[in-house]
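Here the structure is a predicted model, which is why all the values come from computation and not from measurement. Note that these values count all heavy atoms, side chains included, but never hydrogens, waters or copies made by symmetry. Letters go in sequence order (proteins before strands), and every chain restarts at 1.
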Protein chains: 2
Amino acid sequence: MNEFAKPTLDDVARAAGVSTATVSRCLNAPDRVIATTRERVMQAIETLGYTPDFGGRALASRRTNTVGAIIPTMDNAIFARGLQSFQEALSRFGKTLLVASSGYSPAREREQMEVMASRGVDGLLLIGSARPEASVEFLRRRGIPFLGAWNLGGEDGYFVGFDNRAAAAGLTEKVLAKGHRRLAMIAGITEMNDRAADRMEGVRAAAERAGIPADELPVIEAAYTFDEGAKAFGNLMALAPRPTAVLCGNDVLAVGAMQKARELGLRVPEDVSITGFDDIDLAGVVDPKLTTVRVPHNRMGEAAAEMLIRLINKEQVERRIEIPTAIVERGTLGPPTPDPAT
Amino acid sequence: MNEFAKPTLDDVARAAGVSTATVSRCLNAPDRVIATTRERVMQAIETLGYTPDFGGRALASRRTNTVGAIIPTMDNAIFARGLQSFQEALSRFGKTLLVASSGYSPAREREQMEVMASRGVDGLLLIGSARPEASVEFLRRRGIPFLGAWNLGGEDGYFVGFDNRAAAAGLTEKVLAKGHRRLAMIAGITEMNDRAADRMEGVRAAAERAGIPADELPVIEAAYTFDEGAKAFGNLMALAPRPTAVLCGNDVLAVGAMQKARELGLRVPEDVSITGFDDIDLAGVVDPKLTTVRVPHNRMGEAAAEMLIRLINKEQVERRIEIPTAIVERGTLGPPTPDPAT
DNA sequence: TGATTTGATGTAAGCGCTTACACTCGATTT
DNA sequence: AAATCGAGTGTAAGCGCTTACATCAAATCA
């Protein structure tokens with residue numbers, strides 16, 4: 001063989017004086033080869049610097065040991081963190097991660113599904129459950145096991161994630177318990193984003209249980225940036241009566257709101273309480289520190305990897321795994337200041 | 001063909017009444033097939049729901065249209081952002097991204113290189129230039145084009161990144177121009193991390209040019225966390241004489257330092273100036289806003305993708321592309337307060 | 001008009017691997 | 001001692017695709 005050509009199974013077999021089948025077995029089922037032979041083969045692999053060819057292997061075995069993930073964007077600490085853990089866990093199972101991003105567009109997600117499918121991924125990680133039925137159907141027809149992550153999904157399918165609705169409701173109850181009655185919410189964009197929608201619903205439900213009807217709970221949807229959060233907060237503060245607590249759909253919006261509050265000369269939490277969601281690093285850094293909901297994305301990433309591997313291996317799998325969240329009380333939630341008019 | 005089996009090229013060929021070669025050409029070189037035939041083939045592809053098999057294609061064409069990236073971790077806004085842009089750009093060229101993480105370990109990076117190699121990636125994105133020669137040699141032998149990103153590397157190889165050294169020096173000059181003489185630095189861990197090392201050197205060089213010898217410039221290396229930054233800052237503030245300006249190797253350390261300053265009752269920038277590096281979102285959110293160096297990671301990601309594609313296509317490529325950085329003056333850098341003792 | 005070129009398509013040989021099946025040979029059973 | 005077994009290994013048939021080369025008909029030329 002040419003010194004610089006990539007060595008093949010044949011080269012190894014020849015060098016070790018065995019057949020290609022034996023070399024293949026050394027790699028895939030070492031215990032089906034007697035120790036002495038195996039050593040000889042391994043030695044040959046080592047000296048030749050052989051690594052199996054992916055194409056050949058994929059073609060012959062009908063397996064790729066590749067897992068895909070289609071996420072809205074990595075440019076978001078939440079997904080980046082989860083994906084990192086997912087990838088690490090996958091790597092422990094000898095799988096490699098193929099990533100694609102949808103930019104929150106269902107059409108683009110579908111395209112990427114086709115890319116993943118034609119790459120023969122063994123399984124696929126998706127975010128959430130809000131997607132056209134046709135996309136789901138596509139994966140089913142192709143027989144690609146897939147998983148919705150970051151939330152708990154709907155009727156069918158497998159999920160590993162958080163109960164965003166319950167967590168949001170829990171936080172809302174905490175706010176109500178402080179004595180707040182005039183709540184407002186800055187939600188993430190809910191269209192095709194079930195996490196944002198669930199959080200909004202959770203807040204609404206808790207408020208309603210406390211006797212606050214939906215029409216007395218102003219909600220503004222805002223994109224995932226500080227500026228949008230700030231803008232929404234400004235609009236909310238212009239309302240009469242002014243809300244005493246603003247629940248935000250995520251920490252980014254909450255921090256944007258905090259900036260705006262400072263700009264408006266409003267003290268947090270004396271003049272207005274603000275809460276976030278996700279507990280990103282930022283939450284512990286702003287002043288005062290943000291009261292929020294901890295969402296352990298890294299644990300989720302790991303759990304997702306394990307679940308997907310089981311799905312791929314056709315092992316028994318629970319339909320959904322809930323990763324518990326926790327309310328983190330820090331400095332931005334306090335009791336409302338008694339209305340000066342009273 | 002079985003209704004549920006994945007259709008193959010053969011199925012398409014039969015359905016369209018042409019040979020497999022023609023179908024293949026329709027997919028890979030449409031202009032080498034006459035329009036009427038092509039339409040018939042495309043129609044068949046459509047109705048059968050055919051997607052080419054990756055393994056077969058990779059095996060036959062010796063190309064995978066896959067690009068790998070081995071980064072320290074995605075769990076770091078800097079890399080996540082760059083990677084996102086890289087992936088998007090790649091996707092526009094019809095390439096898919098395979099990601100792996102090294103956790104800052106050269107050994108692990110090497111392992112991942114082998115994984116990437118055996119997957120037949122067409123090209124590889126690496127971070128920085130600090131790695132054992134053997135790793136580089138491995139890629140060369142395999143003939144895998146690769147690229148160092150995020151810095152400008154050394155003697156040979158291709159790079160797209162920033163001149164961390166010059167940028168750090170520039171910022172240091174700005175600090176000196178404010179009148180500071182007692183500088184200190186909290187650097188990132190420099191071992192096997194050329195970005196951190198370059199930044200440290202840049203600060204040292206600028207200080208020396210201003211007549212401040214290295215031994216009068218205390219430097220503490222700290223891991224990429226708020227806490228480590230805070231701890232290092234605490235140590236620095238215990239020094240006598242106390243530094244009046246602390247240059248940090250990245251924004252995370254700087255924000256940690258700011259927190260510690262508040263804790264210690266030190267005002268920023270009145271009592272002590274603090275600067276960062278990277279201009280992550282966080283930098284614009286802390287109070288006062290952080291003076292730092294803007295490092296456009298998304299532009300870098302795109303440039304890296306383009307360069308790697310050219311490398312893969314064996315087109316003419318510049319050896320290094322420098323992405324310009326910019327100093328962002330915000331609130332944490334001010335003139336030193338005159339020493340009360342003077 | 002016959003010779004030559006050109007463009008569209010078909011034929012078939014692999015690409016590197018896995019795996020069903022066949023084979024060998026010593027150990028065990030009858 | 002013959003029959004049976006099983007562990008270790010080899011043989012060889014593909015897996016689905018690309019592509020060099022062959023073929024053929026139509027277009028062009030002399």
Side-chain angles (χ1 to χ4, degrees), chain A residues 1-2 5-42 44-45 48-66 94 117-122 142-143, chain B residues 1-2 5-42 44-45 48-66 94 117-122 142-143:
Chain A
M1 129 210 169
N2 172 332
K6 200 177 149 187
T8 71
L9 244 207
D10 260 312
D11 297 319
V12 176
R14 210 167 311 125
V18 298
S19 73
T20 63
T22 300
V23 179
S24 176
R25 278 190 282 259
C26 278
L27 260 20
N28 300 303
D31 47 321
R32 297 182 29 59
V33 177
I34 207 163
T36 58
T37 318
R38 190 170 49 216
E39 258 165 50
R40 201 149 31 93
V41 171
M42 288 312 192
I45 287 178
L48 288 175
Y50 168 80
T51 45
D53 176 83
F54 177 72
R57 182 178 272 210
L59 188 55
S61 71
R62 325 267 54 216
R63 257 177 286 107
T64 60
N65 279 326
T66 302
S118 80
R119 299 224 154 215
V121 293
D122 294 338
R142 271 285 201 289
Chain B
M1 130 210 171
N2 171 330
K6 201 177 148 188
T8 71
L9 244 209
D10 261 313
D11 297 319
V12 176
R14 210 167 311 127
V18 298
S19 73
T20 60
T22 301
V23 179
S24 177
R25 278 190 282 260
C26 278
L27 261 20
N28 300 305
D31 47 321
R32 300 185 24 61
V33 175
I34 207 163
T36 58
T37 317
R38 191 171 48 216
E39 257 164 52
R40 203 148 32 92
V41 171
M42 289 311 193
I45 287 177
L48 289 174
Y50 168 80
T51 46
D53 176 83
F54 178 72
R57 179 177 274 209
L59 188 55
S61 70
R62 326 265 52 211
R63 256 179 286 107
T64 60
N65 279 327
T66 302
S118 81
R119 300 222 152 214
V121 291
D122 295 337
R142 271 285 200 288

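- Residues B/R40 and B/L59 both approach DNA chain C. Their nearest nucleotides, taken by heavy-atom distance, put B/R40 toward the 5′ side.
- We find that CD1 of B/I45 is positioned 16 Å from P of D/dG16, with the value rounded to whole Å.
- What you find for A/P30 and A/N28 is that their closest heavy atoms are CD-C, 3.7 Å.
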Scan nucleotides 17-19 of chain C against the protein and return all N/O pairs shorter than 3.5 Å with their distances rounded to 0.1 Å.
| residue | atom | partner | partner atom | Å |
| --- | --- | --- | --- | --- |
| C/dC17 | OP1 | A/Y50 | OH | 2.3 |
| C/dC17 | OP1 | A/D53 | N | 3.1 |
| C/dC17 | OP2 | A/L9 | N | 2.3 |
| C/dT18 | OP1 | A/N28 | ND2 | 3.0 |
| C/dT18 | OP1 | A/R57 | NE | 3.2 |
| C/dT18 | OP2 | A/S24 | OG | 2.6 |

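- Atoms CG (A/D31) and C1' (D/dG8) sit 12 Å apart, rounded to a whole Å.
- When atom types are taken as modelled, the side chain of B/R119 and the backbone of A/F54 share no donor-acceptor pair closer than 3.5 angstrom.
- Interatomic distance, A/T37 OG1 to A/M42 CE, rounded to the nearest 0.5 Å: 11.5 Å.
- The two residues A/T64 and A/A58 have their closest heavy-atom pair at CG2-CB, 4.2 Å.
- In this structure, CZ of B/R14 is placed 19 Å from P of C/dT9, rounded to the nearest angstrom.
- If you measure from atom CG of A/D11 to atom P of C/dC15, you get 11 Å, rounded to the nearest angstrom.
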Legend entry - Contact letters for nucleotides 22-27 of chain D, in which S counts primed atoms plus P, OP1 and OP2 and B counts the base, heavy atoms under 4.0 Å: ------

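- B/R57 and A/S118 are not linked by any side-chain donor-acceptor pair at a separation below 3.5 angstrom, with hydrogens and angles left out of the test.
- Just one of B/V23, B/V33, B/T22, B/V18 meets the side chain to side chain contact (heavy atoms under 4.5 Å, CB included) condition when paired with B/R38; it is B/V33.
- For the helix from C/dT1-D/dA30 to C/dT30-D/dA1, the end axes, each set by the C1' atoms of five terminal pairs, are bent relative to each other by 40° (nearest 10°).
- Proximity of A/D53 to B/R62: side-chain heavy atoms (C-beta onward) are separated by under 4.5 Å at one or more points.
- Closest heavy-atom contact between B/L9 and B/Y50: N-CE1, 3.5 Å.
- Taken to the nearest 0.5 Å, the SG atom of B/C26 stands 10.5 Å off from the CG atom of B/D31.
- Closest approach of B/A13 to B/T20, counting heavy atoms only: CB-N, 3.8 Å.
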